[in-house]
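Notes follow once the structure below has been shown.
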Number of protein chains: 2
Amino acid sequence: MTPAPGSPGDVLTLISAGSATTRSDLARLTGLARSTISQRVDALIESGLVEESESGESTGGRPPRQLRLHTDGHAFAGVDVGATHCRVALMDISGEVLAECEDPLLVTEGPEAVLAHVDTRLDRLLAEAGRPRSALRALGMGVPGPVEFATGRPNNPPIMPGWNDYPIPEHFEDCVVLVDNDVNVMALGEHRNAFPGTGHLLFVKVGTGIGCGIVAEGRLHRGAQGSAGDIGHIRVSGHDDAGCRCGNSACLEAVAGGAALARRLTELGVPAATGADVVALVQAGDTLALRLVREAGRHIGEVLAGLVNFFNPEVIVVGGVLSRVHEHLLAGIRETIYRRSLPLATHHLSIVPSRTGEDAAALGAGLLAIEHYLSPDNINKIVNA
Amino acid sequence: MTPAPGSPGDVLTLISAGSATTRSDLARLTGLARSTISQRVDALIESGLVEESESGESTGGRPPRQLRLHTDGHAFAGVDVGATHCRVALMDISGEVLAECEDPLLVTEGPEAVLAHVDTRLDRLLAEAGRPRSALRALGMGVPGPVEFATGRPNNPPIMPGWNDYPIPEHFEDCVVLVDNDVNVMALGEHRNAFPGTGHLLFVKVGTGIGCGIVAEGRLHRGAQGSAGDIGHIRVSGHDDAGCRCGNSACLEAVAGGAALARRLTELGVPAATGADVVALVQAGDTLALRLVREAGRHIGEVLAGLVNFFNPEVIVVGGVLSRVHEHLLAGIRETIYRRSLPLATHHLSIVPSRTGEDAAALGAGLLAIEHYLSPDNINKIVNA
DNA sequence: ACCCTTTGTTCGATGATCGGCGGAAGATAT
DNA sequence: ATATCTTCCGCCGATCATCGAACAAAGGGT
């Protein structure tokens with residue numbers, strides 16, 4: 001469980017995290033003898049998990065042979081199933097994207113249709129990358145609804161008719177499948193890609209609805225039923241007239257979600273159907289749309305201010321369609337958070353737009369799969385086999 | 001780090017958690033040979049950490065010798081420094097309370113005075129329990145303000161003048177000292193004492209102010225600056241007139257805290273100075289006080305409803321002075337949470353009054369110390385020494 | 001009284017790890 | 001150019017931890 005850090009899995013963890021790139025690094029970090037490390041590294045190379053690259057720079061003596069993950073022979077997939085699109089990324093074990101595609105696809109077409117689509121795209125991407133299907137080691141998938149993570153089954157998802165309790169992993173017989181909520185995988189993607197050193201991070205997705213992915217101590221917090229982060233139905237003050245599809249009123253989503261903004265704009269005589277339309281209007285210089293977006297930022301900020309006090313994150317990342325006009329959205333969010341949160345919690349808090357963009361979900365889903373595969377336990381199993 | 005579970009520390013963890021009570025249990029659980037386990041157990045007995053009790057029941061063969069933590073020779077202290085009281089509990093390594101005391105004491109008297117008081121009480125309790133000062137292995141302390149946990153220094157605590165940045169651990173030279181926020185240690189005490197199997201728990205303290213301790217995956221979540229759980233200044237809707245000492249308005253604490261309730265009662269012609277007075281009035285059957293408490297429950301419920309959506313806990317425990325009239329407080333809390341939170345999150349959610357009561361803070365502080373001492377790393381160090 | 005089952009210890013065998021030695025490979029000094 | 005220094009890495013005998021078989025202990029069942 002916890003004693004001397006030394007198993008092959010631990011060694012690989014250090015290599016994949018970039019904490020160690022040479023055998024001597026590993027010896028220093030693990031406290032194991034150099035000879036033992038050499039043996040461990042040999043085993044990892046033997047298993048096809050690690051390779052040597054060209055020699056590094058000398059520090060006065062013989063230059064060390066650099067180690068890195070062996071990126072051939074394996075493949076991992078990250079799948080982003082959205083309400084109206086499907087993105088599939090093929091990645092190598094280091095997290096590099098080998099090939100990627102996105103197609104319009106309605107999640108309402110049901111699991112068989114969507115998963116069949118994923119299968120065809122997967123085969124195409126594998127062919128593009130020149131790897132056989134058998135190279136696929138694990139697949140991560142983000143879906144737009146709550147999921148029981150342990151079993152990979154959607155849990156009464158409101159916008160995924162036909163998916164309830166559907167055993168997604170069983171569709172892919174040949175590899176491990178991990179399924180999670182889309183906002184969770186986006187949070188993971190953003191964290192690993194742009195804020196790897198951050199302990200506690202919130203990723204807020206402002207799209208049609210509003211959701212939040214939670215990273216605590218570097219790991220995803222899913223909560224007891226896997227429904228953590230569902231902040232779209234938190235009450236905002238002063239909007240008791242705004243009815244929400246959930247049956248309550250004054251929900252954040254009903255006040256500041258993309259769909260709500262579009263509806264409101266339409267009411268005010270500026271036709272808009274979706275969050276993307278709202279963004280387009282803002283970008284076209286429509287002052288009314290701009291005002292609404294900024295106002296939405298304030299409402300989101302009100303909710304986030306409470307969550308900052310409660311959770312005390314280091315970083316809040318704002319993503320989703322609306323973040324395309326993040327200058328305006330963030331202004332409102334920042335304004336309210338800095339006014340309503342405690343100084344101790346805001347002092348070192350960064351509130352930033354997504355750096356990973358459209359790709360965060362597929363990337364994060366892939367990373368979920370890769371990190372599962374690279375877990376020390378799993379690696380030890382592979383090496384000992 | 002993660003390989004075969006086998007170090008002395010791991011073995012002791014299994015014993016202290018009650019997962020294993022005999023050598024064969026340990027062999028089964030760790031996968032180690034019986035002979036190896038015997039050797040490990042011998043080392044633990046040698047170090048005075050484990051002892052054998054009378055034989056257990058036979059299951060058809062030789063009855064196993066029962067193992068348990070050796071509760072003599074060590075002592076641990078849990079200190080609950082409140083605004084107006086100081087409670088010290090002396091515990092053995094199993095978490096049993098050996099002796100305990102509580103005295104009125106103002107935290108405003110400053111660190112030297114308070115810590116000197118703790119010292120004298122500690123000596124008295126040690127004498128009562130018949131253990132020398134040298135038996136004290138670790139001390140945990142909860143204080144009413146934010147703390148930088150890593151260093152044990154209070155971080156700009158609003159109600160602890162003179163304590164800012166004071167290095168509390170340095171005052172106790174002979175043993176390890178862990179300092180945390182009082183609500184955090186209460187949450188820990190409640191979790192370990194009453195809800196040990198629960199993964200995610202919130203402990204809400206409703207006293208003069210309102211705070212929240214967060215247990216995620218069985219461990220305390222402190223956040224980036226150690227200020228997590230500060231829910232007293234989250235905004236509640238419809239009370240923009242209620243000014244708060246933090247400078248904002250409509251803070252939960254300014255609407256539903258014990259001090260706020262007392263002030264409001266006084267305004268309405270029923271004199272009350274503190275939360276305890278409010279509780280006394282309710283217990284005496286004052287209907288106005290009762291209505292205010294129930295109303296306060298609804299406001300707290302509004303904030304908690306948001307946190308339930310965000311954090312998705314399994315259990316919410318309500319403690320603090322106001323929970324003495326928990327029938328009324330919880331009614332309001334439950335009502336609002338079940339109305340405003342998502343069904344998936346509330347379906348398996350329990351909302352219960354504290355089962356640990358007045359003792360939760362001192363107990364939790366002591367457990368913080370004990371768990372630190374029993375951490376595998378620390379035990380391995382002790383056994384190898 | 002005898003055998004069976006389970007527990008716990010002893011002790012030699014096994015295998016993993018250690019650490020010293022020497023060769024490799026480049027930097028630096030002569 | 002040569003020598004020396006430094007660091008890296010593989011080899012190999014010594015050492016140490018773990019294992020597993022055998023045995024002793026302790027109780028139940030027949």
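Quick note on labels: first sequence line is chain A, next is B, and so on, each numbered from 1.
- Not counting sequence neighbours, the partners of A:H221 by the ring pair (Phe, Tyr, Trp, His ring centres under 6.0 Å) test are B:H200, B:F311.
- Judged by distance alone, with hydrogens and angles left aside, the side-chain atoms of A:S354 form a donor-acceptor pair with the main-chain N or O of A:G357 at under 3.5 Å.
- A:N193 places no side-chain N or O within donor-acceptor distance of the main-chain N or O of A:G189, the cut-off being under 3.5 Å.
- Residue A:R65 places at least one side-chain N or O under 4.0 Å from the OP1 or OP2 atom of D:dG10.
- The distance between atom CD of A:Q66 and atom C1' of D:dC8, rounded to the nearest whole Å, is 12 Å.
- In this entry the distance linking CZ of A:R28 with C1' of D:dC8 reads 11 Å, nearest Å.
- Here chain B contacts DNA chain C (any atom closer than 4.0 Å to a heavy atom, that is under 4.0 Å), and the contacts span C:dT5 to C:dT10 from 5' to 3'.
- Among residues at least two apart or in separate chains, salt bridge (charged side-chain N to carboxylate O under 4.0 Å, His left out) pairs with a member in residues 15-24 of chain B are B:R23-B:E52.
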Compile the donor-acceptor pairs under 3.5 Å between side chains in residues 32-48 of chain B and protein atoms, sequence neighbours left out, one pair per line.
{"from": "B:R40", "atom 1": "NH1", "to": "B:G6", "atom 2": "O", "distance (Å)": "2.1"}
{"from": "B:S47", "atom 1": "OG", "to": "B:A43", "atom 2": "O", "distance (Å)": "3.0"}

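- Using a 4.0 Å cutoff on non-hydrogen atoms, the parts of residues 38-50 of chain A near DNA chain D are A:S38, ordered by number.
- Of the residues in residues 15-24 of chain B, none lies under 4.0 Å from DNA chain D by heavy-atom distance.
- Remark: A:E100 pairs with A:R87 by the salt bridge (Lys or Arg N to Asp or Glu O under 4.0 Å) rule, at least two apart or across chains.
- Under the 3.5 Å distance criterion, the side-chain polar atoms of A:D180 are left unmatched by any main-chain donor or acceptor of A:V185.
- For A:R355, there are no salt bridge (Lys or Arg N to Asp or Glu O under 4.0 Å) partners at least two apart in sequence or on another chain.
- In the model, B:S7 has a side-chain atom that pairs as donor or acceptor with a side-chain atom of B:D10 under 3.5 Å.
- Spacing between atom CG of B:N384 and atom P of D:dA17 amounts to 9 Å, rounded to whole angstrom units.
- Applying the salt bridge (Lys or Arg N to Asp or Glu O under 4.0 Å) rule to A:R68 yields the partners A:E51; only residues at least two apart in sequence or on another chain are considered.
- In this structure A:P63 satisfies the side-chain contact (heavy atoms from CB on, under 4.5 Å) test together with A:S55, A:S58, sequence neighbours excluded.
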Distance-only check: which donor-acceptor pairs under 3.5 Å involve side-chain atoms of residues 129-141 of chain B, not counting sequence neighbours?
{"from": "B:R131", "atom 1": "NH1", "to": "B:T71", "atom 2": "O", "distance (Å)": "2.7"}
{"from": "B:R131", "atom 1": "NH1", "to": "B:H74", "atom 2": "O", "distance (Å)": "2.6"}
{"from": "B:R131", "atom 1": "NH2", "to": "B:T71", "atom 2": "O", "distance (Å)": "3.2"}
{"from": "B:R133", "atom 1": "NE", "to": "B:D174", "atom 2": "OD2", "distance (Å)": "3.2"}
{"from": "B:R133", "atom 1": "NH1", "to": "B:D119", "atom 2": "OD1", "distance (Å)": "3.2"}
{"from": "B:R133", "atom 1": "NH1", "to": "B:D123", "atom 2": "OD1", "distance (Å)": "3.1"}
{"from": "B:R133", "atom 1": "NH2", "to": "B:D119", "atom 2": "OD1", "distance (Å)": "2.9"}
{"from": "B:R137", "atom 1": "NE", "to": "B:Y373", "atom 2": "OH", "distance (Å)": "3.4"}
{"from": "B:R137", "atom 1": "NH1", "to": "B:S134", "atom 2": "O", "distance (Å)": "2.9"}
{"from": "B:R137", "atom 1": "NH1", "to": "B:A135", "atom 2": "O", "distance (Å)": "3.3"}

Treating primed atoms plus P, OP1 and OP2 as sugar-phosphate and everything else as base, which nucleotides of nucleotides 21-30 of chain D get B, S or - for protein heavy atoms under 4.0 Å? -B-BBBBS--
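- Of the possible donor and acceptor atoms, one in the side chain of B:E314 sits under 3.5 Å from a partner among the backbone N and O of B:G199.
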